[in-house]
Amino acid sequence: MPEERDDHERGEHAKDNQFRRARLEKLEGLHELGIDAYPHRFTRNAMAAEIDARHATLAPGEVTEDHVAVAGRIRANRNNGMFIDLHDASGKIQIFSHKDFLAAEQLPLLRLLDLGDIIGVEGIVRRTPRGELTVNAQRITVLSKALLPLPEKFHGLADIETRYRQRYLDLIMNDESRATLRKRSQVIAAFRRYLAARDYLEVETPMLHTIAGGASAKPFVTHHNALDMDLYLRIAPELHLKRLIVGGLSDRVFEINRCFRNEGLSPRHNPEFTSLELYEAFADFTDMMDLAENLVRYAAMAACGTTAVSYGGTTIDLASPWPRRSMASLVEEKTGIDFLAIETAAAAVEMAQGLGADLKPGASWGHALEAAFAHTVEAGLIQPTHVTDFPRDISPLAKSHRNGDPRLVERFETYVNGWEIANAFSELTDPRDQLARFEAQMEERERGDDEAQMLDADFVTALEYGLPPTGGLGIGIDRLVMLLTDSPSIRDVIAFPTMRRKG
RNA sequence: GAGCCCGUAGCUCAGUCGGUAGAGCACUUGACUUUUAAUCAAGGUGUCGUGGGUUCGAUUCCCACCGGGCUCACCA
């Protein structure tokens, strides 16, 4: 296995085929013309879209005096190179290469260009009689000779595995893939803008944890050699962010970064995923509901220009106030069963199992309610809904509910399209309660639940120095971007999704 | 982890009820020259995912493996 990896890393993957050989011969031809096929830089003064905007009203057949220098990839070639479609990051511009305009010594170069080559072109802008905005090339500069052919131009790259493994090809070929990843960037930029404007401080907390806390999930384990110590890739930044609130670094902090969970892959799960987590002192979970709605609306406007987004043919309305429904009431509405009226865990488990939920024997009341919710309600929450009032025993970091029911905490998850996209609490600030919750988690762990949370004694110590009342919110950025880009798989919104090593 | 489906040319895909394969684009050569998936003519595309088995013969049937997709499980 290591030898196979070496082969791959040495770059012996390139196919030695007719296409590559033909291009290597052309590369040789460029050398013979004294041309460096991989120069160091090129000064351009215009992007395709700019030129397009600048000459939007130019009539067919008209020639301008606009001398431009553009650069991009050759994506189409008509009439033996006379017409080239040059694509840059902004769009497309046609290049007209004709001996009437092109420097004479450059004519041999035309025969050595291929689809996929990156070139710079200097010349005058005109609109052809057929109406296509065009640069009459006076000088062409090879900026990077492509040795491998691009996928077919009409159907593009369809093979989903290649699209994920060789994302560069997907991005060259598929407009939608570029649009999706650009929107992802816009969503994240919008979050930063929105939060920065409200005095949130962006911080960075460790990726390498000695205790994988802040969520219930299986961690990745790695090893630090010098310290001879195992470390976990973080499953959540939560406990460190709250330590920063304890310290008063800021009353409002946020972090946008990766979390890692060593669990199954699915169209909605990637082992590394990106979350926004934020904490606001003196706020509670109802403040977090408002904030979640405002953040998502703001990001949708920034990325899509609308708060009415279409996913899989369904229109999702992000604009209207999002209903706030307690988990138990949603289950009761769906099943007629009021879990709040069920006293014992055993009875609740039996009831949940009767609804078809899969529960381990000995599961708690809270696990039973949550299982009943997941089995009967979750998938039907298409329009945004805040599901509130979670069970205490599945929420070890959330504060007890002020409504007085000791089984509940002040926590909500926001569901859209049947997916959890946000999770928030009135943060648990009572150190003795926190310790008790951790101890309960450790007991679950000892009973075999390897996703129960680990006890973080230093975090309890931090709470003992005093955490102000605090609201916390996490938003799953990948799923939100899926929603905003109508993407069927989380892999569509992650540039380089986790893939098995190809045998 | 389980079930179902998929893997054929650089790409998009056909196909072989078992006799080692085809189209379009791309590529090469030529023609044409203000094109728009340019057009026309000619030409070669290939471990049919990998390894075994059955068979006179396997890309095709069987088994295992590799990779991928979906569903379920897991994943608040």
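Sequence lines set the chain letters: A, B, ... in the order given, protein chains first and strands last, and positions in each chain run from 1.
A:Glu161 comes within 4.0 angstrom of sugar-phosphate atoms only, judged by non-hydrogen atoms across all strands, and of no base. Heavy atoms of A:Lys26 sit under 4.0 angstrom from primed sugar atoms or phosphate atoms, though from no base atom. Across all strands, A:Phe96 comes closer than 4.0 Å to base atoms (heavy-atom distances). Contacts of A:Met173 with the nucleic acid, taken as non-hydrogen atoms under 4.0 Å apart, are absent. Across all strands, A:Gln166 comes closer than 4.0 Å to no nucleic acid atom at all (heavy-atom distances). Residue contacts for A:Asn423: at a heavy-atom cut-off of 4.0 Å it reaches no nucleic acid atom on any strand shown. Within the nucleic acid shown, A:Arg411 comes within 4.0 Å of at least one base atom, counting heavy atoms only.
Rounded to a whole Å, the NE2 atom of A:His375 is 16 Å from the C1' atom of B:A76. Atom pair A:Arg75:CZ and B:U36:C1' shows a separation of 14 Å (rounding to whole Å applied). Rounded to an integer number of Å, the gap from CG of A:Asn270 to P of B:G69 is 11 Å. Counting to the nearest Å, the C1' atom of B:A76 and the CZ atom of A:Arg268 are 15 Å from each other.
Minimum atom distance to the side chain of A:Arg261 is reached by B:A76, of the listed B:G44, B:A26, B:A76. Nearest nucleotide to the A:Arg111 side chain, out of B:G30, B:U36, B:A37: B:G30. Each of B:A76, B:A26, B:G69 was ranked by its minimum atom distance to the side chain of A:Glu420; first place goes to B:A76. Distances were taken from every side-chain heavy atom of A:Asn80 (C-beta onward) to each of B:C74, B:A76, B:A31; the shortest belongs to B:A31. Side-chain proximity of A:Lys153 to B:C27, B:C70, B:C25: nearest is B:C25. Closest to the A:Arg165 side chain, of the nucleotides B:A76, B:G67, B:A38, is B:G67. The listed nucleotides are B:A37, B:C74, B:U33; the one nearest the side chain of A:Asn79 is B:U33. Among the nucleotides B:U71, B:A26, B:G67, the one closest to any side-chain atom of A:Pro267 is B:U71. Counting only heavy atoms from C-beta on, A:Thr128 has its side chain closest to B:U34 among B:U34, B:G68, B:A76. Listed nucleotides B:A76, B:G68, B:U34 differ in distance to A:Arg126; the shortest reach to its side chain belongs to B:U34.
Heavy atoms of other residues, nucleotides or ligands lying less than 6.0 angstrom from CE of A:Met351 number 12 at most.
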Between N or O atoms, less than 3.5 Å apart, protein on one side and nucleotides 11-15 of chain B on the other: list the pairs.
from: B:C11; atom 1: O2'; to: A:Glu152; atom 2: N; distance (Å): 3.2
from: B:C11; atom 1: O2'; to: A:Gly156; atom 2: O; distance (Å): 3.0
from: B:U12; atom 1: OP1; to: A:Ala158; atom 2: N; distance (Å): 3.1
from: B:U12; atom 1: OP1; to: A:Asp159; atom 2: N; distance (Å): 2.7

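Checking side-chain atoms of A:Trp365 against main-chain N and O of A:Phe339 turns up a donor-acceptor pair under 3.5 Å. At least one donor-acceptor pair closer than 3.5 Å links the side chain of A:Asp430 to the backbone N or O of A:Asp433. Although no hydrogens or angles enter the test, the distance criterion places a donor-acceptor pair under 3.5 Å between the side chain of A:Thr335 and the main chain of A:Ile337.
A:Phe96 has its ring centre less than 6.0 Å from the ring centre of A:Phe83. Centroid-to-centroid, the aromatic rings of A:Phe412 and A:Trp322 stay 6.0 Å apart or farther. A:Phe496 and A:Tyr168 have their aromatic ring centers separated by at least 6.0 angstrom.
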Going by atom type alone, with no hydrogens or angles, which donor-acceptor pairs under 3.5 Å involve a side-chain atom of residues 112-119 of chain A and a protein atom two or more places apart or on another chain?
from: A:Asp114; atom 1: OD1; to: A:Lys26; atom 2: NZ; distance (Å): 2.5
from: A:Asp114; atom 1: OD2; to: A:Lys26; atom 2: NZ; distance (Å): 3.4
from: A:Asp114; atom 1: OD2; to: A:Lys145; atom 2: NZ; distance (Å): 2.6
from: A:Asp117; atom 1: OD1; to: A:Ala146; atom 2: N; distance (Å): 2.9
from: A:Asp117; atom 1: OD2; to: A:Asp114; atom 2: N; distance (Å): 2.8
from: A:Asp117; atom 1: OD2; to: A:Lys145; atom 2: NZ; distance (Å): 2.7

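Residue A:Arg491 places at least one side-chain N or O under 4.0 Å from the OP1 or OP2 atom of B:G69. The shortest distance between the side-chain N/O atoms of A:Arg500 and the OP1/OP2 oxygens of B:G68 is below 4.0 Å.
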Quiz prompt | RNA chain B base-pair string [pairs: Watson-Crick or G-U under 3.5 Å; |: paired with another strand] | solution = (((((((..((((.....[..))))((((((.......))))).)...(((((..]....))))))))))))....

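Classification of the A:Phe438-A:Phe459 ring pair by plane angle, with boundaries at 30° and 60°, yields perpendicular.
The stacking criteria are not both satisfied for A:Phe19 over the base of B:G10, which would need a centre-to-centre distance under 5.5 angstrom and an angle between ring planes under 30 degrees.
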